[in-house]
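For ligands, and for the atoms within them, numbers begin at 1 and follow the listed sequence. Values below: every heavy atom of this structure, side chains too, minus hydrogens, waters and symmetry copies. One-based numbering along the sequence shown.
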Amino acid sequence: MLRRTRLQARSETAPPSVLQAPKLQAIDFAVERVQARSVADLGGVWAVEGGYVRYALERPGVERGVLVDTGITDAVRAAAAADPRLRLVAGEFGATSSVAAVGEVDVVLLFDVLLHQVAPDWDEVLRRYAQTSRCIVVVEPTWTGDEVVRLWDLGQDGYRAATPSDGAQPDWSRLDEVHPRYGRPHRDVHEYWQWGLPDAARRKVMTDLGWRCVYWADHGPWRDVATARTVASVYVAPDVD
Ligand SMILES: C[S@@+](CC[C@H](N)C(=O)[O-])C[C@H]1O[C@@H](n2cnc3c(N)ncnc32)[C@H](O)[C@@H]1O
């Protein structure tokens, strides 16, 4: 099933097999919908090495890509060196300095990252990029409950059950210690799953800004996490037809 949907994703150049069809399909839709010339991929490095923004750069009309991440790798640097259309921004993408460094952009990609965002929280990240873009694409594990949940509040067993078994698990005795790399408490570090985000909560943030959801797809259970489903959404600004 996964293989079939991968093959269905439109691409002149076959994407690396790690790229997921729901994300490629959402990129295709968003780029066409707003006739995008520029795309920013926020947190597009781990395991995919900028693959989604590079895929976006293959879409007709896209001339410029930006990739923001705290973990820029040599492979990503090499890709940017080989393609002058791709610009790298090293740092926390929620920081106002990163928003400014990205600048005005047509499409923002948030793939498997929003549920990790604390200080600024996920909703503030959406608001910040809504000021500088026309289209925001979110694909991520989406909480099946009705309310937003801070996952630490579930306790250790609940946290484990609500997060991937092979995902980063914290040392619970050190949650309030400052992480040396990020300069913030471990409990606020984006390497860990932070939030259970229902689709309705994300959508409300965007509709409160006057944005519209113009594409929505539920791609089914998110791996073995019983409380998460892969949901893809594309939002557009009020001035987009
Ligand atoms: C779970 S991986 C997702 C990678 C890719 N977007 C995908 O869909 O496969 C999270 C990536 O986002 C980056 N990341 C998460 N939060 C970030 C933040 N606030 N600022 C910069 N990078 C962030 C991580 O370093 C990592 O590369």
Enquirer: Decide, yes or no, whether a salt bridge links Asp239 with Arg134 under the criterion of side-chain N to carboxylate O below 4.0 Å.
Expert: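 No.
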Enquirer: On a heavy-atom basis, I'd like to know which of Glu140, His116, Gln117, Gln194 is closest to atom 19 (N) of ligand 1.
Expert: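 Minimum heavy-atom distance to atom 19 (N) of ligand 1 goes to Gln117.
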Enquirer: Show which atoms of ligand 1 fall inside a sub-4.0 Å distance from at least one heavy-atom site of Gly91.
Expert: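 Those atoms are 20 (N), 21 (C).
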Enquirer: Do the charged groups of Arg54 and Asp41 touch, with an N to O distance under 4.0 Å?
Expert: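 Asp41 and Arg54: not salt-bridged.
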Enquirer: How about Tyr159 and Trp193: are their ring centres within less than 6.0 Å of each other?
Expert: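 No; Trp193 has its ring centre 6.0 Å or more from that of Tyr159.
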Enquirer: Closer than 4.0 Å to some heavy atom of Val48 - which atoms of ligand 1 meet that?
Expert: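 Near Val48, meaning under 4.0 Å from one of its heavy atoms, ligand 1 has 5 (C), 9 (O).
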Enquirer: Is any side-chain heavy atom of Tyr235 closer than 4.5 Å to one of Ser133?
Expert: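 Counting from C-beta outward, Ser133 and Tyr235 never come under 4.5 Å.
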Enquirer: Identify, by atom number and element, the atoms of ligand 1 in contact range of Gly43, meaning under 4.0 Å from any of its heavy atoms.
Expert: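 The atoms of ligand 1 under 4.0 Å from a heavy atom of Gly43 are 3 (C), 4 (C), 5 (C), 6 (N), 11 (C), 12 (O), 13 (C).
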Enquirer: Of Tyr182, Phe111, Trp122, Phe93, which has the heavy atom at the shortest distance from atom 17 (C) of ligand 1?
Expert: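 Among Tyr182, Phe111, Trp122, Phe93, the closest heavy atom to atom 17 (C) of ligand 1 comes from Phe93.
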Enquirer: Counting only heavy atoms, tell me which of Glu49, Lys23, Glu92 gets closest to atom 8 (O) of ligand 1.
Expert: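 Considering heavy atoms of Glu49, Lys23, Glu92, the nearest to atom 8 (O) of ligand 1 sits in Lys23.
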Enquirer: So which of Val113, Val89, Leu88 actually passes side-chain contact (heavy atoms from CB on, under 4.5 Å) with Val68?
Expert: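 Between Val68 and the candidates, side-chain contact (heavy atoms from CB on, under 4.5 Å) is satisfied uniquely by Val89.
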Enquirer: Hey, which atoms in ligand 1 end up nearer than 4.0 Å to a heavy atom of Tyr52?
Expert: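 The list of qualifying atoms is 7 (C), 8 (O), 9 (O).
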Enquirer: May I ask you to check whether Trp195 and Trp143 place their ring centres under 6.0 Å from each other?
Expert: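 Here the rings of Trp195 and Trp143 have centres that are no less than 6.0 Å from each other.
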Enquirer: Among all the protein's non-hydrogen atoms, which is closest to atom 1 (C) of ligand 1, and how far away is it?
Expert: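 Scanning the protein heavy atoms, the shortest distance from atom 1 (C) of ligand 1 goes to Asp112 O, 3.5 Å.
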Enquirer: Using distance alone, decide if ligand 1 has a nitrogen or oxygen within less than 3.5 Å of any nitrogen or oxygen in Asp69.
Expert: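 Such a contact does occur with ligand 1.
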Enquirer: Name the closest protein heavy atom to atom 22 (N) of ligand 1, giving the residue it belongs to and the distance to 0.1 Å.
Expert: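 Its nearest protein heavy-atom neighbour is Thr70 N, 3.3 Å.
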Enquirer: If you measure every N/O of Val113 against every N/O of ligand 1, is any gap under 3.5 Å?
Expert: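 For ligand 1, there is no N or O atom that lies under 3.5 Å from one belonging to Val113.
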Enquirer: Name the orientation class of the two ring planes belonging to His179 and His186 (parallel below 30°, tilted from 30 to 60°, perpendicular beyond 60°).
Expert: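 Tilted.
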Enquirer: Taking 4.0 angstrom as the limit, do Arg184 and Asp188 come out as a salt bridge?
Expert: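 Salt bridge between Arg184 and Asp188, a charged N being under 4.0 Å from a carboxylate O: no.
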Enquirer: Identify, for atom 15 (C) of ligand 1, the protein heavy atom at the shortest distance, and state residue, atom and that distance.
Expert: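 Result for atom 15 (C) of ligand 1: His190 ND1, 3.4 Å.
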